[in-house]
Amino acid sequence: MEKINNVTEFIFWGLSQNLEVEKVCFVVFSFFYTVILLGNLLIMLTIYRGKLFGSPMYFFLSYLSFVDICYSSVTAPKMIVDLLAKSKTISYVGCMLQLFGVHFFGCTEIFILTVMAYDRYVAICKPLHYSTIMGCDRCNKMLLGTWIGGFLHSIIQVALVVPLPFCGPNEIDHYFCDIHPVLKLACTDTYIIGVVVTANSGTIALGSFVILIISYTIILVSLRKHSAESRHKALSTCGSHIAVVIIFFGPCTFMYMRPDTTFSEDKMVAVFYTIITPMLNPLIYTLRNAEVKNAMKRLWGRKVFPEANGK
């Protein structure tokens with residue numbers, strides 16, 4: 001089949017066709033994106049300056065914050081600008097890059113959350129062997145594995161879309177280039193590709209979610225053998241992880257663990273895992289983690305009262 005590609009750009013429908021709603025959304029999502037940037041940067045700075053980087057939990061948390069910034073930055077700035085634009089367009093190349101970025105950073109975040117669950121499992125269920133199992137070299141290898149896994153997943157997604165012919169229409173009922181809305185515009189039968197896409201994305205999302213649920217179930221069961229103080233500390237940390245997992249994986253599973261179809265609700269569901277979750281991560285991990293809060297207090301104490309701390 002000869003590829004016929006008359007489409008050089010795509011047009012987004014955006015979140016709404018109502019100008020007043022778009023103005024409100026511009027203010028709201030500008031605020032959300034600012035919180036994402038400042039909140040995640042604050043966590044990264046706190047971990048670095050608070051000398052928590054040596055702990056595997058905070059090592060992975062700092063990279064989770066970094067991935068959250070990158071992940072939201074793939075879609076949020078373009079969406080915010082488009083809310084006030086008359087024509088919401090993106091070039092064909094830009095669309096493919098956005099598709100790659102969304103799946104690369106999204107899949108990497110899934111793997112980092114899975115590794116963080118494994119870290120908590122080892123810390124709580126095998127505390128005597130924790131330093132050996134979660135050594136610096138192994139943590140670096142696991143982190144590298146999350147990046148490689150995210151890259152392989154996203155390159156498969158893009159490789160499935162790039163060969164497809166696009167001859168019009170070129171309007172996407174979304175606010176960013178995602179796999180299902182783009183496949184819908186292809187001028188050929190995409191049933192087989194849709195099955196492969198669902199198998200690729202769905203297996204990763206659902207598989208990781210099941211692994212996480214099993215991990216936290218084992219952790220919660222094993223906590224019965226610990227003291228009340230140890231249970232409270234572990235539950236505080238694991239509670240943060242579980243909250244993030246539910247908020248992130250719920251919408252992801254809805255979007256990708258299904259046949260190649262699109263719904264009008266997809267845009268609002270996508271807002272949760274592209275913007276809401278990266279915004280809530282800093283709040284959840286900060287409010288539920290005493291060590292991070294104490295490190296922030298020490299950091300701000302040095303910044304605000306340097307003379308007093310120097311005495």
Side-chain angles (χ1 to χ4, degrees), residues 39-40 42-68 107-150 204-249 277 280-299:
N40 284 290
L42 179 59
I43 281 189
M44 293 168 63
L45 179 63
T46 299
I47 291 173
Y48 176 75
R49 295 299 299 271
K51 299 180 180 178
L52 301 174
F53 213 72
S55 168
M57 181 173 72
Y58 298 112
F59 171 77
F60 291 118
L61 177 57
S62 64
Y63 279 101
L64 178 67
S65 294
F66 174 72
V67 170
D68 274 335
C107 188
T108 301
E109 176 154 346
I110 286 175
F111 290 145
I112 289 179
L113 288 171
T114 306
V115 170
M116 290 175 74
Y118 175 71
D119 171 67
R120 289 301 85 203
Y121 163 76
V122 175
I124 294 171
C125 300
K126 299 182 179 181
L128 298 179
H129 304 284
Y130 180 72
S131 58
T132 303
I133 297 174
M134 298 301 294
C136 181
D137 185 55
R138 179 165 293 184
C139 287
N140 286 326
K141 288 180 180 178
M142 287 193 291
L143 180 66
L144 178 62
T146 64
W147 288 105
I148 293 174
I204 291 174
L206 186 61
S208 299
F209 185 61
V210 170
I211 291 172
L212 288 166
I213 293 299
I214 293 173
S215 299
Y216 285 120
T217 300
I218 295 173
I219 289 172
L220 293 174
V221 170
S222 67
L223 283 176
R224 294 184 299 177
K225 303 175 184 177
H226 291 65
S227 64
E229 184 180 351
S230 297
R231 282 200 303 269
H232 177 74
K233 184 177 180 181
L235 284 172
S236 178
T237 303
C238 291
S240 305
H241 293 194
I242 292 171
V244 170
V245 165
I246 292 173
I247 295 171
F248 184 75
F249 278 88
T277 301
L280 291 180
N281 276 356
L283 298 176
I284 291 172
Y285 282 109
T286 301
L287 295 176
R288 297 297 301 274
N289 194 303
E291 195 167 359
V292 172
K293 285 191 287 187
N294 291 333
M296 283 186 177
K297 290 177 182 177
R298 292 195 300 269
L299 175 65

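Along the sequence shown, the residues carry numbers beginning at 1. Remember, it's a predicted structure, so these values are computed and weren't measured experimentally.
With Asn281 as the fixed residue, the side chain to side chain contact (heavy atoms under 4.5 Å, CB included) test singles out one of Asp68, Ile247, Val67, Leu113: Asp68.
Of all the heavy atoms in Val122 and Tyr130, the pair that sits closest is CG1-CD1, 3.6 Å. Residues Ile219 and Ala117 share a closest heavy-atom pair of CD1-O, 4.1 Å. In terms of heavy atoms, Gly150 sits closest to Thr108 at CA-OG1, 3.7 Å.
The stretch residues 134-145 participates, sequence neighbours left out, in these side chain to side chain donor-acceptor pair (under 3.5 Å) pairs: Asp137-Lys141.
Contact annotation: the side chain of Leu64 never approaches that of Phe60 to less than 4.5 Å [non-hydrogen atoms, C-beta and beyond]. Between Cys136 and Phe59, the closest side-chain pair of non-hydrogen atoms is not below 4.5 Å. Side chains of Ile43 and Tyr58 form no contact here, defined as non-hydrogen atoms less than 4.5 Å apart. In this structure, the side chains of Tyr118 and Met134 come closer than 4.5 Å at one or more pairs of heavy atoms. Glu109 has its side chain within reach of Thr277: a pair of non-hydrogen atoms, C-beta onward, lies under 4.5 Å apart.
Atom CZ of Phe66 sits in a sparse spot, with 12 or fewer heavy atoms from other residues, nucleotides or ligands closer than 6.0 Å.
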(request) Given side-chain contact (heavy atoms from CB on, under 4.5 Å), test Phe209 with Ile110 step by step and report yes or no. (result) CA-CA 9 Å; Phe209 185 61; Ile110 286 175; over 6 Å; no
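From Ile211, atom CD1 reaches atom OH of Tyr121 across 13.0 Å, with rounding to the nearest 0.5 Å. Note that CD1 of Ile112 and SG of Cys107 are 10.5 Å apart. Values are rounded to the nearest 0.5 Å. Annotation: the span from Ile213 atom CD1 to Ile218 atom CD1 amounts to 11.5 Å, rounded to 0.5 Å. Atoms CG and OG, on Leu45 and Ser62 in that order, are 11.5 Å from each other to the nearest 0.5 Å. With rounding to the nearest 0.5 angstrom, the CG atom of Asp119 is 7.0 Å from the OG atom of Ser55.
Proximity of a side-chain donor or acceptor of Ser208 to a complementary backbone N or O of Ala205 within less than 3.5 Å is not detected.
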